Amino acid sequence: MTEERKENGKKWDFVRKHPFLAAILLSVAVSAALAILPLTNMVWKEAGFLIFLGSLLSWMIIGGGFLIFPLVLTGAEILFFIKGRKDHELHRKGRIFDITGMILGFVYSMLYIGFSSEVMFGSDWQEQLVNGQTHTPIYTEAQLTAAVIGIVGVIGYFAVTYIPLKKMPPLLLVLGMAAMYLGTIESIVWGIHITRELPFDLYLLLPAFNYLLITARAVGYKMWEWQQMGEADSDLTARYQEKGGIFSFCNRLLTKAERWPFAAFLLMWPLLGIVIGVLILFGQEPDAVIKAFTETSDWNLSRRVAPQNIYYDEHYLCTVAAGGHGKIVKPQRLGLRHGHQVIVNRQLCVANAFEQVLEERTPRFHKTVRHFYDTYGFPVARLIRSKYTADMIYFLMKPLEWIFLIVLYLTDANPENRIAIQYTGKRMEDFERI
């Protein structure tokens with residue numbers, strides 16, 4: 001029995017030593033496990049092993065990174081909250097999960113509502129939009145207030161988590177906790193504000209839930225650490241009984257760690273008042289923290305009714321070559337598509353050459369891919385409203401571009417020739433007849 005326990009312990013050594021890497025590998029593995037059977041039936045039988053492998057790799061990156069990893073991250077935060085409040089090593093290892101969750105929580109939520117709701121982040125409720133576009137979820141004139149409160153919360157996290165307790169008087173520590181409270185409350189309001197009825201909208205509540213766990217764990221850990229220090233150093237409390245004045249009185253009051261959570265809640269309000277007072281100097285209104293959410297349309301906390309959207313037909317957008325910054329998307333030349341001139345870059349030519357190979361070698365599978373692209377291409381096209389969006393899509397397409405290139409070089413005798421003739425009105429057969 002002892003030997004079995006030792007063997008099980010060895011198996012978990014990697015997870016204990018490298019929990020974050022283990023979380024990434026778990027996300028990729030789960031993503032692959034969920035996709036391998038459907039892709040085998042749908043892709044391998046129709047298009048062969050190479051296309052199957054490319055599809056699987058793409059799903060592992062997209063599904064693992066955007067669908068599975070947030071759930072794994074939340075599961076890890078729950079575990080750290082349960083066991084890390086009274087464990088120095090677990091609490092230390094949990095910090096990389098905290099920082100990753102805070103960054104990805106914001107980035108993923110912005111990407112998700114940007115793509116799913118076609119959000120125009122610079123357009124307030126008064127503007128008339130077109131088709132399926134949605135107004136900004138944060139009132140543009142109050143965006144600075146919302147951003148600063150979020151930054152204050154992050155600063156509070158780093159102060160509470162990274163500054164050693166021995167170098168931090170209780171009053172400063174509780175102030176950091178109060179800052180974390182502000183950030184957590186804002187994240188909860190943000191999650192409630194943007195979560196609607198779409199199937200994956202529940203993911204938008206995960207960041208707020210994680211921030212809540214992070215704050216609770218940080219506060220609980222510091223309280224435990226203070227108690228441990230008091231047991232090891234009998235003179236710790238006595239040092240805060242010296243001198244007079246209001247700040248010394250506050251320090252003496254806070255020598256008992258069980259008072260910290262409530263004291264941080266009380267201190268949160270004057271801290272918010274100070275932040276608002278400073279922001280007024282930069283042109284923000286005193287009630288901007290409320291108007292940030294209520295002076296909007298189309299969202300849960302919105303109190304305004306926007307003009308009805310205008311609907312009109314749109315041309316199909318198949319490229320970002322003409323929409324992004326030239327130094328990034330690298331447009332090469334003019335090409336022809338359906339009798340119209342278009343700007344093309346290498347990424348577009350590679351993608352079209354790959355589709356051409358699919359059409360020649362797996363016509364049935366190509367029809368399925370083409371139907372999917374035609375169905376979902378229009379919503380994606382409507383999102384490209386700025387050079388930065390085009391740049392972002394260009395970078396997101398890079399892994400697929402590399403996979404397309406690998407397939408082309410493994411299946412075509414003259415891959416670069418095929419790439420070069422895209423959008424010229426010619427096909428490889430035209431040159432073979434000459």
Side-chain angles (χ1 to χ4, degrees), residues 99 101-130 132-158 178-196 201 203-208 210-212 215 268-269 271-307 309 325 382-392:
I99 296 170
M102 286 188 285
I103 294 172
L104 293 186
F106 173 74
V107 173
Y108 279 12
S109 64
M110 296 294 281
L111 286 175
Y112 179 78
I113 63 174
F115 279 92
S116 66
S117 301
E118 200 172 340
V119 176
M120 307 300 290
F121 289 101
S123 300
D124 284 319
W125 65 272
Q126 306 95 329
E127 297 185 35
Q128 190 168 47
L129 303 180
V130 299
Q133 293 175 349
T134 306
H135 294 87
T136 178
I138 299 293
Y139 183 41
T140 56
E141 293 186 10
Q143 286 176 355
L144 178 60
T145 296
V148 168
I149 290 175
I151 292 170
V152 167
V154 173
I155 292 173
Y157 166 80
F158 279 100
M180 290 187 71
Y181 283 7
L182 282 178
T184 302
I185 290 173
E186 184 180 56
S187 72
I188 293 171
V189 173
W190 167 254
I192 294 171
H193 185 53
I194 62 176
T195 301
R196 295 190 284 187
D201 272 20
Y203 272 82
L204 297 174
L205 294 175
L206 290 182
N210 287 337
Y211 296 161
L212 188 62
T215 301
M268 178 184 69
W269 302 106
L271 176 62
L272 178 61
I274 292 171
V275 171
I276 291 173
V278 172
L279 287 169
I280 289 174
L281 301 177
F282 291 88
Q284 295 289 285
E285 297 181 9
D287 56 351
V289 66
I290 298 173
K291 284 186 174 180
F293 300 98
T294 59
E295 286 294 305
T296 58
S297 178
D298 310 325
W299 305 94
N300 291 330
L301 302 179
S302 300
R303 291 294 178 268
R304 298 293 184 179
V305 179
N309 285 16
H325 291 89
R382 289 198 298 266
L383 295 175
I384 306 175
R385 297 296 182 184
S386 71
K387 290 181 178 293
Y388 296 101
T389 305
D391 295 342
M392 182 185 67

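None of these values were measured; they are calculated from a predicted model.
- With rounding to the nearest 0.5 Å, the separation of OG1 in T145 from NZ in K291 is 11.0 Å.
- With Q284 contributing its side chain and I276 its backbone, the two residues share no donor-acceptor pair below 3.5 Å.
- S302 contributes atom OG, which lies 7.5 Å from atom CG of N300 (distance to the nearest 0.5 angstrom).
- Checked by atom type and distance alone, the side chain of T296 pairs as donor or acceptor with a backbone atom of F293 at under 3.5 Å.
- Within the model, atoms OG of S109 and CG of D201 stand 11.0 Å from one another, a figure rounded to the nearest 0.5 Å.
- A cation-pi contact, defined as under 6.0 Å to the ring centre and within 45° of the axis, is absent between R304 and W299.
- Side chains of W190 and P137 form a contact here, defined as non-hydrogen atoms less than 4.5 Å apart.
- Environment of CZ in F121: crowded, with over 12 heavy atoms of neighbouring residues, nucleotides or ligands closer than 6.0 Å.
- For the atom pair CD (E285) and CG (L279), the distance works out to 12.0 Å, reported to the nearest 0.5 Å.
- If you take OG on S123 and CG on D298, they are separated by 11.0 Å, rounding to the nearest 0.5 Å.
- Rounding to the nearest 0.5 angstrom, the gap separating the CD1 atom in I113 from the OG1 atom in T136 is 7.5 Å.
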Task: Verdict with reasoning, M268 to L271, per side chain to side chain contact (heavy atoms under 4.5 Å, CB included) - done: CA-CA 5 Å; M268 178 184 69; L271 176 62; 5.6 Å; no
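- Remark: I185 CD1 is packed, more than 12 non-hydrogen atoms of other residues, nucleotides or ligands lying under 6.0 Å away.
- For I149 against L182, the heavy-atom pair with the smallest separation is CG2-O, 4.1 Å.
- Contact detail for I138 and A146: the closest heavy-atom pair is CG2-CB, 4.3 Å.
- A distance-only check finds no donor-acceptor pair linking the side chain of N210 to the backbone of M102 [under 3.5 Å].
- Between the H135 side chain and the S297 main chain, no donor and acceptor come within less than 3.5 Å of each other.
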Open item on the list: Let's go through S117 and R196 carefully: what are the C-alpha distance in whole Å and the side-chain angles of both, what is the deciding distance for side chain to side chain contact (heavy atoms under 4.5 Å, CB included) to 0.1 Å, and is it a yes or a no?
Closed with: CA-CA 10 Å; S117 301; R196 295 190 284 187; 2.6 Å; yes
- [ ] Step by step, work out the side chain to side chain contact (heavy atoms under 4.5 Å, CB included) result for F158 and I99.
- [x] CA-CA 9 Å; F158 279 100; I99 296 170; 4.0 Å; yes
